[in-house]
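Convention: sequence-line order gives letters A, B, ...; per-chain numbering from 1. Below, each value reflects all heavy atoms present in this structure, side chains not excepted, and no hydrogens, waters or symmetry copies. The structure presented is a predicted model; accordingly, all values stated were derived computationally and were not measured.
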Amino acid sequence: MRHIRVAQLLSLDKGEDNIIVMGWVRTRRDSKGGFSFIEVNDGSCLGNLQVIADSTLPNYQDEILKIQTGCSVKVTGKAVPSPGKGQKMELQAKSLEVLGWADPETFPLQKKRHSFEFLRTIAHLRPRTNTFGAIARVRNAMSIAIHKFFQERGFLYIHTPILTGSDCEGAGDMFRVTTFELDKIPFKDGKPAFEQDFFGAPSHLTVSGQLEAEIYALAMGDVYTFGPTFRAENSNTSRHLAEFWMVEPEMAFCDLEGDIRTATEFIKYILKYVLENCREDMDFFNNFIDKTIIDTLENIISQDFRILTYTEAIDILTSSGEKFEYPVKWGSDLQAEHERYLCEKRFHCPVVLINYPKDIKAFYMKLNEDNKTVRAMDVLFPKIGEIIGGSQREESYELLLSRIKEIGLNPDDYWWYLELRKFGSAPHSGFGLGFERLIQFVTGMANIRDVIPFPRTPGNISF
RNA sequence: UCCCCGAUAGCUCAGUCGGUAGAGCAGGUGGCUGUUAACCACCCUGUCGAUGGUUCGAGUCCGUCUCGGGGAGCCA
């Protein structure tokens with residue numbers, strides 16, 4: 001007896017006896033010829049295994065005829081080439097044991113299509129659907145591809161902290177972490193007495209591992225982080241989560257051009273990996289979610305990304321003749337409609353925008369010689385907008401210090417970050433990529449809440 | 001957080017001019033078939049999101065709230 005997964009069984013090139021398969025029933029069809037077809041899925045692949053259960057099985061009348069969508073079963077039998085259409089192999093059951101029943105009156109999943117909104121309310125059951133099974137497999141493959149890409153290039157995987165004492169990372173509102181009883185917080189001089197809290201200081205969930213990654217880049221060379229990130233912003237969109245996963249490479253002795261090269265190669269590598277390793281799931285997305293998704297991915301792999309300076313982008317937008325709701329002006333941030341015009345209408349490919357005005361970018365970005373712009377880079381994708389944000393970092397102690405003061409931050413809070421520029425400073429660059437946004441792009445899924453198993457958004461922490 | 005749209009059977013939705021609700025799917029029963037989103041017939045299914053108001057009468061009109069969707073902002 002050999003327990004194998006459905007994916008393995010379906011790819012057998014000849015029959016094999018004494019096989020055990022375990023999984024969940026998707027549908028049952030009875031033949032009055034004296035047997036039933038039972039389709040079993042075990043998550044190993046999109047396709048179901050067709051099990052043939054003959055009426056001579058001892059529990060045929062009592063159990064097998066009562067099997068419904070959702071039951072878990074253990075099937076022992078012989079894998080044989082299927083005489084029917086639609087599958088190469090099938091399993092002739094010698095025994096079929098129901099491990100867990102699913103009352104059809106109350107089991108919420110049906111054989112028909114459900115809305116994603118409904119499935120979100122049953123996140124404990126939605127991975128048993130075709131779409132969410134496919135997403136889980138693609139998400140897994142993309143995670144592996146991320147590690148493969150960096151490991152093949154000698155990057156070191158760094159675990160940066162989830163809990164942070166720096167409340168000034170500057171990338172948005174943070175979740176507070178405390179062990180205080182909320183109804184009896186100790187106060188001192190009208191403020192919470194943080195010195196009595198667990199860490200003895202105000203503490204938060206991280207909004208980025210970048211600053212810590214820089215520490216390791218300036219010791220190990222090329223490093224990357226890949227982990228959860230938290231933003232307490234009240235964002236209610238199809239592209240935002242309060243908890244999401246971010247990939248953040250950081251490279252020593254690397255300038256903005258090297259940063260762009262890595263980002264471009266990285267994205268293409270991931271897309272290629274998914275197309276090569278998740279063909280069945282990608283065909284599914286292409287058929288049922290977005291009819292152009294495979295073409296789109298193949299196009300992006302074969303195309304060069306368009307690199308433009310912020311100033312060039314402003315010129316293109318102002319001379320485009322296009323009517324925008326928000327005016328285009330040098331010095332103000334580009335709106336979603338502007339980014340969409342560049343990607344979708346003008347260049348029909350991903351666009352890399354560089355050299356943004358310093359006032360609309362973070363303090364740690366390296367100042368250009370013009371003293372007005374910084375060595376920033378945003379990678380803009382059609383439909384989903386900004387997917388990567390990165391920059392060459394300011395490596396000059398004096399310039400970084402004056403930038404920190406200029407925007408009103410306290411240099412004491414950044415003492416260790418500043419010291420990196422004092423002792424053996426070196427040019428270095430990095431970027432952050434929103435993992436779920438890339439999954440959205442790869443699968444064609446419209447809502448980011450459907451590409452993470454358990455989405456956290458304002459007002460939603462169930463499951 | 002702002003703008004727009006929506007909430008009706010387990011699911012997906014229709015519901016006209018204000019007159020106490022319907023279809024498909026699912027489920028049940030029977031039939032049929034190496035079937036494969038199976039098919040055919042019959043049967044069952046409702047706090048019309050919550051709350052207040054207008055009205056003889058509200059799923060329908062008005063106010064408030066909750067939740068969801070699309071867009072915007074913030075960003076990845």
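With sequence neighbours excluded, the residues satisfying salt bridge (Lys or Arg N to Asp or Glu O under 4.0 Å) with D450(A) are R120(A), R126(A). Among residues two or more places apart in sequence or in another chain, the salt bridge (Lys or Arg N to Asp or Glu O under 4.0 Å) test is passed with R28(A) by D30(A).
Centroid-to-centroid, the aromatic rings of F324(A) and Y341(A) come within less than 6.0 Å. Close placement of the Y224(A) and H147(A) rings is indicated, their centers lying within 6.0 Å of each other. For F35(A) and Y60(A), the ring centers are positioned 6.0 Å apart or more.
Nearer the 5' end of RNA chain B, as judged by each residue's closest nucleotide, is the contact made by S82(A), out of S82(A) and T27(A). Between M246(A) and A446(A), the one whose closest nucleotide on RNA chain B sits nearer the 5' end is A446(A).
The interatomic distance linking F35(A) (CZ) with rC32(B) (C1') rounds to 13 Å, in whole Å. If you take CD of E90(A) and P of rG34(B), they are 14 Å apart, rounded to a whole angstrom. Here rC75(B) presents its C1' atom at 13 Å from CD of E248(A), a figure rounded to the nearest Å. Look at CD1 on I461(A): it is 15 Å from P on rC67(B), rounded to the nearest Å. When the P atom of rA76(B) is taken as reference, atom NE2 of H240(A) falls 9 Å away, rounded to whole Å. Atom pair F230(A):CZ and rA76(B):C1' shows a separation of 14 Å (rounding to whole Å applied). Taking atom CZ on R437(A) and atom P on rC74(B), their separation rounds to 12 Å, with Å as the unit. Note: CZ (R28(A)) to C1' (rG34(B)) measures 16 Å, nearest angstrom.
Atoms CG and CZ, from L241(A) and F454(A) in turn, are 13.5 Å apart once rounded to the nearest 0.5 Å. In this structure, OH in Y269(A) is found 10.5 Å from CZ in F150(A), a value given to the nearest 0.5 Å.
The stretch residues 324-356 of chain A touches RNA chain B through Y326(A), Q335(A), A336(A), R340(A), each having a heavy atom within less than 4.0 Å of the strand. A heavy-atom distance below 4.0 Å to RNA chain B is reached by none of the residues of residues 129-145 of chain A.
Among the duplex regions that RNA chain B forms, those built from at least three successive Watson-Crick or G-U pairs under 3.5 Å are B:1-7 with B:66-72, B:10-13 with B:22-25, B:27-31 with B:39-43, B:49-53 with B:61-65, ordered by first number.
At a threshold of 4.0 angstrom between heavy atoms, the contacts of I52(A) include nucleobase atoms, whether or not backbone atoms are also involved. Counting non-hydrogen atoms under 4.0 angstrom, R449(A) reaches the backbone sugars and phosphates but no base. If you check every strand for non-hydrogen atoms under 4.0 Å, L109(A) touches nothing. Counting any heavy atom pair closer than 4.0 Å across all strands shown, N447(A) reaches sugar-phosphate atoms only and no base atom. Among the protein residues, E243(A) comes within range of no part of the nucleic acid, since none of its heavy atoms lies under 4.0 Å from any strand. Residue T237(A) is classed as a base contact, given a heavy-atom separation below 4.0 Å to a base. Q87(A) comes within contact range of at least one nucleobase, with a heavy-atom separation under 4.0 Å.
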Under 3.5 Å, which N/O atoms of the protein pair with N/O atoms of nucleotides 64-66 of chain B?
none

Polar-atom pairs under 3.5 Å, protein N or O versus N or O of nucleotides 2-6 of chain B: list them with distances, or write none.
none

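For R239(A) and rC74(B), the shortest distance from a side-chain N or O to OP1 or OP2 is not below 4.0 Å. Within the 4.0 Å cut-off from OP1 or OP2 of rG71(B), at least one side-chain nitrogen or oxygen of S238(A) is found. Remark: S31(A) is in phosphate contact with rG34(B), judged by side-chain N or O atoms under 4.0 Å from OP1 or OP2. At the phosphate of rG27(B), OP1 or OP2 sits under 4.0 Å from a side-chain N or O atom of Q68(A).
Residue pairs satisfying the side chain to side chain donor-acceptor pair (under 3.5 Å) criterion with at least one member in residues 453-463 of chain A, sequence neighbours excluded, are absent. Residue pairs that meet the salt bridge (charged side-chain N to carboxylate O under 4.0 Å, His left out) test with at least one member in residues 338-347 of chain A, sequence neighbours left out, are E322(A)-K345(A). For residues 47-76 of chain A, the set of pairs meeting the salt bridge (charged side-chain N to carboxylate O under 4.0 Å, His left out) definition, not counting sequence neighbours, is empty. Annotation: salt bridge (charged side-chain N to carboxylate O under 4.0 Å, His left out) contacts involving residues 35-48 of chain A, sequence neighbours excluded, comprise R5(A)-D42(A), R29(A)-E39(A).
Remark: E436(A) engages R139(A) in a salt bridge, criterion side-chain N to carboxylate O under 4.0 Å. Salt bridge R137(A)/D281(A): present, at least one basic N to carboxylate O contact under 4.0 Å. A salt bridge is absent between R393(A) and D259(A): the closest approach of a Lys/Arg side-chain nitrogen to an acidic carboxylate oxygen does not fall below 4.0 angstrom. A salt bridge links R375(A) to E257(A): one of the charged nitrogens lies within less than 4.0 Å of a carboxylate oxygen.
Against the 90° criterion about 0, the sugar-base torsion of rU36(B) places it in the anti range.
Across rG27(B), rU35(B), rG69(B), the shortest atom-to-atom separation from the side chain of R29(A) is found for rU35(B).
Residue S235(A) places a side-chain atom within donor-acceptor reach of the base of rC74(B), judged by atom type and a 3.5 Å distance cut-off alone. The base of rU1(B) has none of its N or O atoms less than 3.5 Å from a complementary donor or acceptor on the side chain of E233(A).
For the 3.5 Å distance criterion, the side chains of T229(A) and W245(A) fail to qualify, holding no donor opposite an acceptor. Side chains of S82(A) and E90(A): a donor-acceptor N/O pair is present below 3.5 angstrom, by distance only. Side-chain N/O atoms of H428(A) and E214(A) include a donor and acceptor closer than 3.5 Å.
Here the separation of rU36(B) from rU47(B), taken at their P atoms, is 36 Å to the nearest Å.
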Starting at the 5' end of nucleotides 7-15 of chain B, put B wherever the base has a protein heavy atom under 4.0 Å, S where only the sugar-phosphate does, and a dash everywhere else. ---BBS---

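Smallest separation of non-hydrogen atoms from Q210(A) and E250(A): CG-OE1, 3.9 Å. When all heavy atoms of V223(A) and F155(A) are compared, the closest pair comes out as O-CD2, 3.4 Å. Counting all heavy atoms, side chain and backbone alike, M282(A) lies closest to V138(A) at SD-CG2, 4.5 Å.
The aromatic ring of F37(A) is not stacked on the base of rG34(B), since the criterion of ring centres less than 5.5 Å apart with planes inclined by under 30° is not met.
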